[in-house]
Amino acid sequence: MLWHAASVPEGDSLHRAAARLRVLVGERLDAESPHPRGLATGVAAALDGRRLEGVEAVGKHLLLRFERGVVLRSHLRMRGRWTVAPRGAPLRGRPWLVLRGREWEARQWNGPVLALDERPLRRLAPDVLADDTDVGELVRRLREADGSRLLGEALLDQRLVAGIGNMWLAEALWHVRLSPWRRLRDTADEELGRALAWARAAMRASVSGERPRREAYRRSGRACRRCGAPIASRPLGERARSAYWCPSCQPT
């Protein structure tokens, strides 16, 4: 049976991807890069014939750990995805990387980041989904950031909180009635804690297959299910990520 990762990956999607890819753990894998851009990374040549020892998700990064200390880091950004299929199943298109085991094979499509380099992880905050992550510690990290930053922008900053993307930002802030346009300095520790705790619980449930109904994300112009006002959307922060919120029950 073919399995696909989510088309717009966030932290929970990467944890689900890691769980699926573990079907290959313990096997010595054949690796190839049918796509020229994947071939240019050189990762297939480095991984071919190596035994996969583990797979984990850290924030929005996927790490495949091979024998002799070789680690493949994959970041999917907006369009990348992993699929898992029976070995030899027909290919439609050219993936960046194919890892073949005895019965299954993993395929990585649309890059855009495939690297044998863990250094970017040093800048990451604790993963909001990790078992040992403490919400209080995340609140402390946010409190140490520039207080003039917008709340929504800060929660998307992987150096402050790793794993949250546009969808979970919109849903968490809607549920706790906080505007993404609030300033950090105007947001109490208790409010930050509630937003992070909701996001953590909902994302961990998503990893287990439970997905809540969307209340704000991609519902621009539709009625808020809580107050009836239209959901608004506009670009947020320097990176112009789309924010969704209810101006009536999430006032700035």
Side-chain angles (χ1 to χ4, degrees), residues 1-124 127 156 158 162-167 206-207 218 239-242:
M1 182 176 180
L2 184 67
W3 171 85
H4 293 268
S7 58
V8 184
E10 299 195 16
D12 56 315
S13 302
L14 272 298
H15 279 262
R16 289 197 301 273
R20 295 290 184 172
L21 289 170
R22 289 184 188 121
V23 71
L24 296 173
V25 169
E27 296 192 30
R28 198 171 296 279
L29 304 180
D30 300 325
E32 68 167 324
S33 290
H35 195 288
R37 293 183 66 184
L39 185 62
T41 67
V43 299
L47 301 179
D48 189 44
R50 291 186 186 270
R51 187 182 307 279
L52 180 63
E53 295 182 338
V55 184
E56 63 178 310
V58 181
K60 295 184 180 182
H61 299 260
L62 194 64
L63 303 179
L64 285 76
R65 300 189 180 277
F66 290 81
E67 61 184 339
R68 298 194 294 277
V70 175
V71 180
L72 171 65
R73 179 175 60 88
S74 168
H75 193 300
L76 302 177
R77 302 226 174 125
M78 295 296 290
R79 298 183 62 245
R81 71 187 191 278
W82 282 89
T83 64
V84 176
R87 178 169 179 142
L91 279 171
R92 296 182 179 179
R94 292 187 292 177
W96 281 42
L97 179 66
V98 179
L99 299 173
R100 293 190 174 94
R102 291 186 299 272
E103 298 181 15
W104 298 92
E105 64 183 52
R107 303 160 176 178
Q108 202 286 322
W109 305 81
N110 298 328
V113 177
L114 283 175
L116 304 174
D117 177 15
E118 293 184 83
R119 285 176 296 177
L121 300 184
R122 299 172 188 169
R123 300 191 295 269
L124 287 184
D127 186 340
L156 292 176
Q158 302 299 293
I164 295 177
N166 286 27
M167 186 189 76
S206 175
V207 173
R218 290 187 174 176
R239 299 185 64 183
R241 307 280 291 276
S242 296

How close do D127 and A57 get, heavy atom to heavy atom, and via which atoms?
OD2-O, 3.7 Å
Nearest heavy-atom contact between A44 and A31 is O-CB, 3.6 Å
How about E103: does its CD atom have over 12 heavy atoms from other parts shown lying under 6.0 Å from it?
no
Nearest 0.5 angstrom please: W96 CH2 to N110 CG, how far?
8.0 Å
With side chain to side chain contact (heavy atoms under 4.5 Å, CB included) as the test, would you mind laying out the steps for L14 and H61 before giving the verdict?
CA-CA 7 Å; L14 272 298; H61 299 260; over 6 Å; no
Where at least one partner belongs to residues 10-33, residue pairs that pass ring pair (Phe, Tyr, Trp, His ring centres under 6.0 Å), sequence neighbours excluded
none
Yes or no on side chain to side chain contact (heavy atoms under 4.5 Å, CB included) for L97 and L99, after CA distance, side-chain angles and deciding distance?
CA-CA 7 Å; L97 179 66; L99 299 173; 4.1 Å; yes
Test your reading of the model: is there a side-chain donor-acceptor pair from D12 to the backbone of V207, 3.5 Å cut-off?
no
Say you draw a straight line from CZ of R20 to CH2 of W104; how long is it, rounded to the nearest 0.5 Å?
9.0 Å
Measure from the side-chain N and O atoms of Q108 to the backbone N and O of V98, and report whether any donor-acceptor pair falls under 3.5 Å.
no
Say whether, by atom type as modelled, one donor and one acceptor occur between the side chain of R87 and the main chain of E105 under 3.5 angstrom.
no
Any chance you could lay out the side chain to side chain contact (heavy atoms under 4.5 Å, CB included) test for L76 and W82, step after step, and finish with the verdict?
CA-CA 9 Å; L76 302 177; W82 282 89; 3.8 Å; yes
Given 3.5 Å as the limit, does a donor-acceptor pair link the side chain of Q158 with the main chain of I164, or not?
yes
Less than 4.0 Å between a side-chain N and a carboxylate O, is that true for E10 and K60?
no
How long is the gap from CG on L72 to CG on L52, to the nearest 0.5 Å?
9.5 Å
Determine whether V71 and L116 make a side-chain contact, defined as any pair of heavy atoms from C-beta on separated by less than 4.5 Å.
no
Please round to the nearest 0.5 Å and tell me the distance separating atom OG of S206 and atom CE of M167.
6.0 Å
Residue pair R73 / L62, side-chain heavy-atom distance below 4.5 Å
no
Can you find a pair of side-chain heavy atoms, one from P34 and one from E32, that are under 4.5 Å apart?
yes
So which heavy atom on A162 is nearest to which on G59, and how close?
CB-CA, 3.9 Å
Side-chain contact, heavy-atom cut-off 4.5 Å: S33 with R94?
no
Measuring from atom CG of L24 to atom CG of L64, what distance do you get when rounded to the nearest 0.5 angstrom?
8.5 Å
Would you say W109 and T83 are linked by a side-chain donor-acceptor pair, where the criterion is simply a distance under 3.5 Å?
yes
Go through the steps for R107 and V84 under the test side chain to side chain contact (heavy atoms under 4.5 Å, CB included), then give the verdict.
CA-CA 6 Å; R107 303 160 176 178; V84 176; over 6 Å; no
For a quick test of reading the model, state the closest non-hydrogen atom pair linking V43 to L114 and the distance between them.
CG1-O, 4.0 Å
Can you pull out every side-chain hydrogen bond (donor to acceptor under 3.5 Å, both in side chains) where at least one residue sits in residues 35-56? Sequence neighbours excluded, please.
E56-R65
